[in-house]
**Q** 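This structure is in structure tokens; I'll ask about it shortly.
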Amino acid sequence: MLNIIQIKENPDKIIRGLEKKRFPDADQMVQKVLFLDEKRRNTQTELDRILGEINNLSKKIGQLMKEGDKQEADRIKNVTRDLKEDSKKLGILQDELENALENVLYNIPNVPHPEVPEGRTAEDNRVILQQGTIPELPEHALPHWELIEKYDIIDFALGNKLTGAGFPVYKNKGAKLQRALINFFLDEAHKKGYIEIQPPVVINAASGTATGQLPDKEGQMYQLKDEDFYLIPTAEVPITNIYRNVILKEEELPVKNVGYTPCFRREAGSWGAHVRGLNRLHQFDKVEIVRICRPEDSYGALKIMCDEVISLLSLLELPYRMVQLCGGDLGFTSAMTYDMEVYSAAQKKWLEVSSVSNFETFQSNRLKLRYKNQANKNILLHTLNGSALALPRIVAALLENNQAPEGIRIPAALVPYTGFEWIH
RNA sequence: GGAGAGGUGGCCGAGUGGUCGAAGGUGCUCGCCUGGAAAGUGAGUGUGCCCCACAAGGGUACCAUGGGUUCGAAUCCCAUCCUCUCCGCCA
């Protein structure tokens, strides 16, 4: 969530930012925050004063009791009783104001960085660069959902039997390809200095709230029936939450973590004919990179992370492009996002395989993730993350782009991991 | 799952109703000592919020979490979570 201080210091800037993000009623929401905050502070000042008075009188009672002046002690007790009434009322008001304020803040998205382009939808995103050659496929080229049947490597029908739609079963070389990709991605991240984390795939509500999935995307997560737990939609949630309520030393920065996890998404409302095959699943595998760094370093880190993702795509010999999201298409928690898309030649479509974002202090404010600077002051850190990479669409593009009469060619970088050069 | 013990500051550990944000130790930071280091020695060392100039200073809250009792709670009561030991079960 946004920091109240940011809002107070420059409300107009926040409002302009929210408007860029196409957030409705930006002005009204900010005014509400400012109003609630002032009321809250006034209430606390008064409450603290009363509590201080009670504390002083209580000490006095203790002294009087020791001296044996029970009468005077009883007289003062009556005074504190009235004060306590007042403090209770104010305490309740204080809680209400705090909750109301928090509630408003939780529902305000992050503000885009000034360099984020204007725009309403994905149509307005900006293509930053495009690399690799788009393969010329022969007439009879198949989309990946037919290829997986032809080579018997992924089974959707079987997934339907075991669970339901969107939970495919990987088999044979399909299963091994998954494992190869995961290891390849993890090893590449390791080479770049990332520490590997294997987190739980089930998280509690506190974790979901801290990274911003709750309350914003509650309906998108699978929730466990008997406990207040959720299946993770991305490794970002458990990995970033490692640093919840943590004050790092400056020399521990930047933090660079990588983790492989399955990801679970309900994708409520987004199902349809356009998401055939591997394009959208309820469960999929993803390797995620997370960085935590000082505010002044975060945009440099964003650039580096994009380069790291790009290097994976070129090693996989996939044609890709990098897209900068416009204000209106930016996610709830993000200040700036680049999407990496690969070209899936049989579908003739660009598929998003990675989303690299800088959240600035939006997450760290909820996480209470800070570092102690030279002046011994606690400073909110910036958090960033990106997929490196999400598997299913990579698989889709690999299958489609690399199809040949002999079968499906595995890119050279991956062969040491698969142990085979062809799927046939 | 059953029985018992327990959750205190970066760490260890005292504290069972009053002046306790919390003894002592350790770690860390700065200084003295030293040719240098060790040892020794002096000082400092939690977080949020509020007042205030995001200074100095002051106030308030925080001893797992949430409630309660009391003029006053780390200390008493209740609930929840977690840890440890034993038993049961088990990949």
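Convention: sequence-line order gives letters A, B, ...; per-chain numbering from 1.
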**Q** For the pair made of CG in A:Asn78 and C1' in B:rC71, what is the distance, rounded to whole Å?
**A** 10 Å
**Q** So which nucleotide does B:rU34 pair with, by the Watson-Crick or G-U wobble rule with both distances under 3.5 Å?
**A** none
**Q** May I have the distance from A:Leu64 (atom CG) to B:rG72 (atom P), rounded to whole angstrom?
**A** 16 Å
**Q** Sticking with atom C1', work out how far B:rG21 lies from B:rU47, rounded to a whole angstrom.
**A** 11 Å
**Q** Find the partner of B:rC63: check Watson-Crick (N1-N3 plus N6-O4 or O6-N4) and G-U wobble (N1-O2, O6-N3) distances, both under 3.5 Å, and reply none if neither fits.
**A** none
**Q** Angle between ring planes, A:Tyr222 versus A:Phe264, binned at 30° and 60°: parallel, tilted or perpendicular?
**A** perpendicular
**Q** For the residue pair A:His113 and A:Tyr299, does the interplanar ring angle fall in the parallel (under 30°), tilted (30 to 60°) or perpendicular (over 60°) class?
**A** tilted
**Q** If we ignore angles and hydrogens, is there a donor and acceptor under 3.5 Å between the side chains of A:Thr418 and A:Lys173?
**A** no
**Q** Nucleotide by nucleotide, 5' to 3', does protein get under 4.0 Å of the base (B), only the sugar-phosphate (S), or neither (-) in nucleotides 47-63 of chain B, counting heavy atoms?
**A** SSBSS--B----BSS--
**Q** With a 3.5 angstrom cut-off on both distances, give the Watson-Crick or G-U wobble partner of B:rA22, or none if there isn't one.
**A** none
**Q** Passes salt bridge (Lys or Arg N to Asp or Glu O under 4.0 Å), A:Lys191 versus A:Asp187? Steps please.
**A** CA-CA 6 Å; A:Lys191 280 185 207 164; A:Asp187 285 353; over 6 Å; no
**Q** Of A:Asn279, A:Ile153, A:Ile408, which is the lone residue that meets side chain to side chain contact (heavy atoms under 4.5 Å, CB included) with A:His144?
**A** A:Asn279
**Q** Please tabulate, one pair per line, each protein N/O and nucleotide N/O from nucleotides 17-19 of chain B that are separated by under 3.5 Å, including the distance.
**A**
{"unit_1": "B:rG18", "atom_1": "N2", "unit_2": "A:Ser58", "atom_2": "O", "d": "2.8"}
{"unit_1": "B:rU19", "atom_1": "O4", "unit_2": "A:Lys66", "atom_2": "NZ", "d": "2.0"}

